[in-house]
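One structure below.
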Amino acid sequence: MSAFARLAALVRAALARLQERGELPRDLSFDAVVVEPPRDPAHGEAATNAALLLAKPAGKPPMELARALAAALAREPEVVAARAAPPGFVNLDLDPDFWRAEIRAALEAGTDYGRLDLGRGRPVNVEYCSANPTGPLHVGHGRGTVVGDALANLLAHMGYRVTREYYVNDAGAQIEALARSVHLRYREALGEPIGSFPEGLYPGEYLVPVGRALAERYGDRYRTAPESEWLDLFGREAVAAMLARIREDLAALGVRHDVFTSERALVEAGKVEEALDFLKSKGLLYTGTLPAPKGKPIEDWEPVPQLLFKATAFGDDTDRPLKRSTGHWTYFAADIAYHLDKWRRGFDWMIDVWGADHAGYVKRLQAAVKAFSDGAATLDVRLCQLVNLLDGGKPLRMSKRAGRIVTLRDVVEEVGKDVFRFVMLTRKNDAPLDFDLVAVTEQSKDNPVFYVQYAHARICSVFRHAREQGFPTAREELVRAPLERLSDPAELALVRALALWPRCLEQAARHGEPHRLAFFLVDLAGLFHALWTKGKEHPELRFLVAEDRPLALARLALLAAVRTVIAAGLGIIGVQPVEELG
RNA sequence: GCGCCCGUAGCUCAGCAGGAUAGAGCACGGGAUUCCUAAUCCCGGGGUCACAGGUUCGAGUCCUGUCGGGCGCACCA
C-alpha cells in the first residue's frame, strides 16, 4: 500500500474507533474523506478533511471532532504530531521512517512501484491517431497519437486490459479523391504532363512514388481508361501505400496499435445495416426533415427527408442523419457500426482521442453508444487542441498550397521521438501547445525533457563513480541501507516527493490524464537537482562520502529509488531514460 | 443563433475528487562553481484566479448569467 493509502487507512481506523466509543454516529460514509499533502508546509506533511465533512452528520462542531480525531491519530506510532487546525483540518507530521520506507518499497518493486490494480483486468479500448489514409501524419496527429499511446500505457500499467486501436477511414469520397490524385500521378509517371491539380484532390509529393509504382505494375493500361475501371483499384492501392507510410510514421514514434479496423471492411460486411437495424428495432430511427442550421447560411440548402437517429433522446442537440442524399451512409452511420462492433468485441469502456475540431461530434456518438448499449457502455472522448509549430520563436507556416506541410516524420527525425513524446505531454490535452523546434532540443533547465533526463543522467553518473570507488550499488545491498541516516531537509523533501508517485499514478489513471506524469517528473527532478547543488555548498551532503559508507549507501538507495521512479514515469510516457547526456 | 473547450503573475502554464495565506518556469534584481556533470541551484519583488450572482463550513475548482478567445454546426471526413 502506498504512503497516502496507508494514511487514509489510518484515518478511517481512527474514525471507526470514535464510532465504537460513541463519539461518532455509526452510519456515516467516509467516502469523501481524503488525506492529502498540504500545499503549505506549515500544515504538516499530510492533512485530512474528515472532521469538516463529518461535522454536520455527526452533529458536532468541526473543531471538536478534529480534536478528537487528532487525539486518536496521535496514538499511532507513525504519527509524530497530530493537530486540529481551524476550521477543522487535522494536520499530521509523520515519523521520517514512515517516508523513508517508501525508498525501500521503490527499490523492491522497481518500475512496478506505485502500480495498482485499478482495472482488475477490465477491458478498455483506446482508439487514437485514426488519421485518414490520404497522406502522411502531420504534427497535429502526433499530439493525439502520443496522448492516446501514453494513456493506453498508463491504463495498462494500472491493471486494465488495453487494446490500442486505429480506425482507418478508407471509404467514402475522400478515398475517391485520393484515387483520382494517384491516377494523375500515374499518368505523370507515364510521361504525361498533368498540369496543376484540380480543387479537392491531393497535390502532395508523397503520391508521386505511388503513381510511379502503379505505372510500373500496370503500364499504360489505365491511362485513358474510364474512371469506373480504375477508381476502386487505385483507391485500394493508394490506401495501402498511405497506410504503410503511416505505420512507418507511427513506428518512428514508438507507437504500435493492436488493431487496425477498416471502415470499408465494416461497410462491405454489412455491419452498417446491421447496426442501424439494431437501432431501428429499439425504435430509434425515423425518416424526417431537419431544420436548416442556424448561423452562416448554406447556399444550396434544401429541406430533404433523411433517415435520422433520435440522438436528442440521449442528450444530443438535434437528431442526426444516417444516409446522404446520394444513398451512401454518412460517416456517422459507419461510426455507429464501428463502436457497436467494439462493444460486441467486449469493450464496455471505450476511449477515443480526437482533434479538437471534432468536438461537435462527441455528443452524437456518445448518444449512439448509450442507445445501442442501453447505457451499459461508456464512451469517453479526449480532445486534443492544436499544436503551434515554432522555429526559434517564429511561427512555422504550414502552407498546404505550397505543398510545404510539415510532416510528423520530419519533426520526429529532427528532434527525436523521446523529445517529441515528452513535450506533447507538457500541456493538458485540451490546452493549445506551442512546439518550438529549437527550444525543445536545448539543453537547459527551461526545457522540461532535458531537465528530467539530466536528473536521470546525473544519478547514473553518481552510480558510475560509486562503482569506481568501490561502493556497493546492487539492489540487494541498497535495500539493506540504513535509511534512518537520511535526515537533511533536502533529502527528506526528496523522499516525500518520491512517496507521492503512487498517488500521482492513481490520479492520472483515474482522470485519464497522462500529462500529470510529466509534471510530476519535472517536480521530482527539481528536488533532486536542488539536493545535488546543496551538496556543492555543503560537502557533507554529497552522496559519496568515503568516510561514512553506511551514509553513502543510504543516499545511493534514495538516488536509486528516484531513478526508478523517473524511469517508470518516462516508460509510461514512452521515453527512454538516458544514462549520459549526448 | 446554437453546442463544446478555454480565460490564473508582464509572458508560458500547473493547480491534485470543493480545502487552509493560489504555485512553477520565463523575464527582471541579487547570489552560489577547490566539488558526484554550474547543462544546475538559492534568495527577492510581482495576482480583483475575465465579470456578476448562487450552492457550501469552505469555490480558481461546482451551478446560472454576462464579456472575451478558439473550434464546430444537413447531405464532408
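So you know, we letter chains A, B, ... as the sequences are listed, proteins then strands, and number each from 1.
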For [X] and [N], is the shortest distance between a side-chain N/O and OP1 or OP2 below 4.0 Å?
X	N	answer
A:Y451	B:C41	yes
A:H529	B:U37	no
A:K428	B:A14	yes
A:H515	B:A14	no
A:R516	B:A17	yes
A:W354	B:A77	no
A:K536	B:U34	no
A:R458	B:A38	yes
A:K56	B:C57	yes

Whole Å only: how far is the [atom1] atom of [X] from the [atom2] atom of [N]?
X	N	atom1	atom2	result
A:D430	B:G15	CG	C1'	14 Å
A:L290	B:G1	CG	C1'	17 Å
A:D352	B:A77	CG	P	17 Å

Any salt bridge between [X] and [Y], counting N to O under 4.0 Å?
X	Y	result
A:R264	A:E268	yes
A:R364	A:D335	no
A:R382	A:D352	no
A:K534	A:D488	yes
A:K428	A:E513	no
A:R6	A:E102	yes
A:E491	A:R542	no

Does [X] reach a base, just sugar-phosphate, or nothing at all? Heavy atoms under 4.0 Å.
X	result
A:D317	sugar-phosphate
A:P448	nothing
A:Q469	nothing
A:R427	sugar-phosphate
A:P321	sugar-phosphate

Selected nucleotide, minimal atom distance to [X] side chain, candidates [options]:
X	options	answer
A:D357	B:G72, B:C75, B:A77	B:G72
A:R510	B:C75, B:A17, B:C5	B:A17
A:Y361	B:A38, B:C75, B:A77	B:A77
A:R39	B:A38, B:G15, B:C5	B:G15
A:F519	B:C13, B:C71, B:A17	B:C13

Give me the distance, rounded to whole Å, that separates [N] from [M] when you measure between the [atom1] atoms they each carry.
N	M	atom1	value
B:G46	B:C11	C1'	13 Å
B:C63	B:G10	P	28 Å
B:C57	B:U12	C1'	36 Å
B:A22	B:A14	C1'	11 Å
B:U61	B:U8	C1'	12 Å

Got a donor-acceptor pair under 3.5 Å from the side chain of A:N91 to the base of B:A20? yes
B:A20 pyrimidine/purine six-ring stacking with A:F89, under 5.5 Å and 30°: yes
Does any nucleotide pair with [N] by Watson-Crick or G-U wobble geometry, both distances under 3.5 Å, and what is it?
N	value
B:G1	B:C73
B:C28	B:G44
B:G68	B:C6
B:U55	none
B:G18	none

